[in-house]
Amino acid sequence: MINYEGAVFRPPSEARSLIIQATIGCSHNKCSFCSMYKEKQFRARDFSEIEKDLKIARTMYSHIKRIFLADGDALILSTEKLTRILLAIQTIFPECERVGIYATSKSVNIKTNQELDKLKSLGLGIIYLGLESGNDEILCRINKGESASDIVKAGKKAKKSNILVSVTAISGLGGQELKAEHALDTAKALSLMNPDYIGFLSLMVEPDTDMWDELSSGSFKLLTPKEIIEEMIIFLKNIDSPGTVFRSNHASNYFSLYGNLNEDVPSMLEELNEVMKDQDLLKQEFMRRL
Ligand code: SF4
């Protein structure tokens, strides 16, 4: 059996990929809304452990099209180590068409363009980057440890190496206080980055997070489902990212929305205007999940 340590997460689009842990936990692990790796102390796994898992997986699966390297931000590993891992994947799974990985702006920006080119040539096909919000005040409040410009720079840098960039943002992250700022600045940052994919989740606050405490003390106020839709309308009216695949159809979202930017913006806005008129179209709270 493959040796998975603790809970393992992957983006929805990697549901059918082989997951291999290259790191354990997240090197940052401080975002106030995130509980994914709270129980894990960050460490890079030894190459021998990773290679062993790849070899075990080979005995289990006859054809692997995609591999996802977990945990939190496995791109933080050195280029040398990632090169070793990607070469092992090429040897053990020659049929693998794409390797994906979670990244932070730091893990991208510390690498040179040449290093990213090299990783791309060895099979790294997509990075998953969390913008969360394009507003620096919100990024500071959630303890993201990165500015919007850091994240935009990272996305553009990866794209320059022809690595696909999938970016996540979170509806409602600015709370009542910074709703408009969140929508406008997230649209601005994503327009500058022009990623291949944008995925919008809707904020769900879990008990073992700092944000839960802020919610309990009243210092953070969640948006209502209607306000989430209003926020998305502001976002869509301001996004300009031609060619980006837009998805807001995660289990956490109150309303499922998807399309291609910019051409599907008018039809998506129409759908949201319908929801504003008939809120029975919104998902019930008990049906949402992360
Ligand atoms: S949101 Fe991402 S960067 Fe922040 S703690 Fe969670 S895994 Fe780490």
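Both counts, for ligands and for their atoms, begin at 1 and track the order of listing.
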A.B. asks: How does Tyr102 reach ligand 1, by side chain, by backbone, by both or by neither, if only non-hydrogen atoms under 4.0 Å count?
C.D. replies: neither
A.B. asks: Keeping the roles fixed (side chain from Lys38, backbone from Thr209), state whether a donor-acceptor pair exists under 3.5 Å.
C.D. replies: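 Not at all, since once roles are kept as given, no pair shorter than 3.5 Å links the two residues.
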A.B. asks: Restricting to non-hydrogen atoms, name the atom on Arg45 and the atom on Asp53 that form the minimum distance, rounded to 0.1 Å.
C.D. replies: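 For Arg45 and Asp53, the tightest heavy-atom pair comes out as NH1-OD2, 2.8 Å.
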A.B. asks: With atoms numbered from 1 as shown, which atoms in ligand 1 lie under 4.0 angstrom from a non-hydrogen atom of Phe33?
C.D. replies: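 Those atoms are 1 (S).
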A.B. asks: Mark yes when over 12 heavy atoms from residues, nucleotides or ligands other than Lys153 sit less than 6.0 Å from its NZ; otherwise mark no.
C.D. replies: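 No - once you tally the heavy atoms of other residues, nucleotides and ligands closer than 6.0 Å, there are 12 at most.
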A.B. asks: Scan Val99, Ile50, Leu75 and name whichever one has a side chain to side chain contact (heavy atoms under 4.5 Å, CB included) with Leu69.
C.D. replies: Val99
A.B. asks: Using only heavy-atom distances, determine whether the side chains of Asn253 and Ser202 contain a donor-acceptor pair under 3.5 Å.
C.D. replies: yes
A.B. asks: Tell me if the centroids of the rings in Phe235 and Phe200 come within less than 6.0 Å of each other.
C.D. replies: yes
A.B. asks: Around atom 4 (Fe) of ligand 1, list the protein N/O/S atoms within a radius below 2.8 Å, excluding water molecules.
C.D. replies: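 Near atom 4 (Fe) of ligand 1, the protein supplies Cys31 SG.
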A.B. asks: Need the ligand 1 atom indices (1-based, order shown) with element for anything under 4.0 Å from a heavy-atom of Tyr37.
C.D. replies: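 Result: 7 (S).
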A.B. asks: Calculate, to the nearest 0.5 Å, the distance between atoms CG and CG belonging to Asn194 and Asp196 respectively.
C.D. replies: 8.0 Å
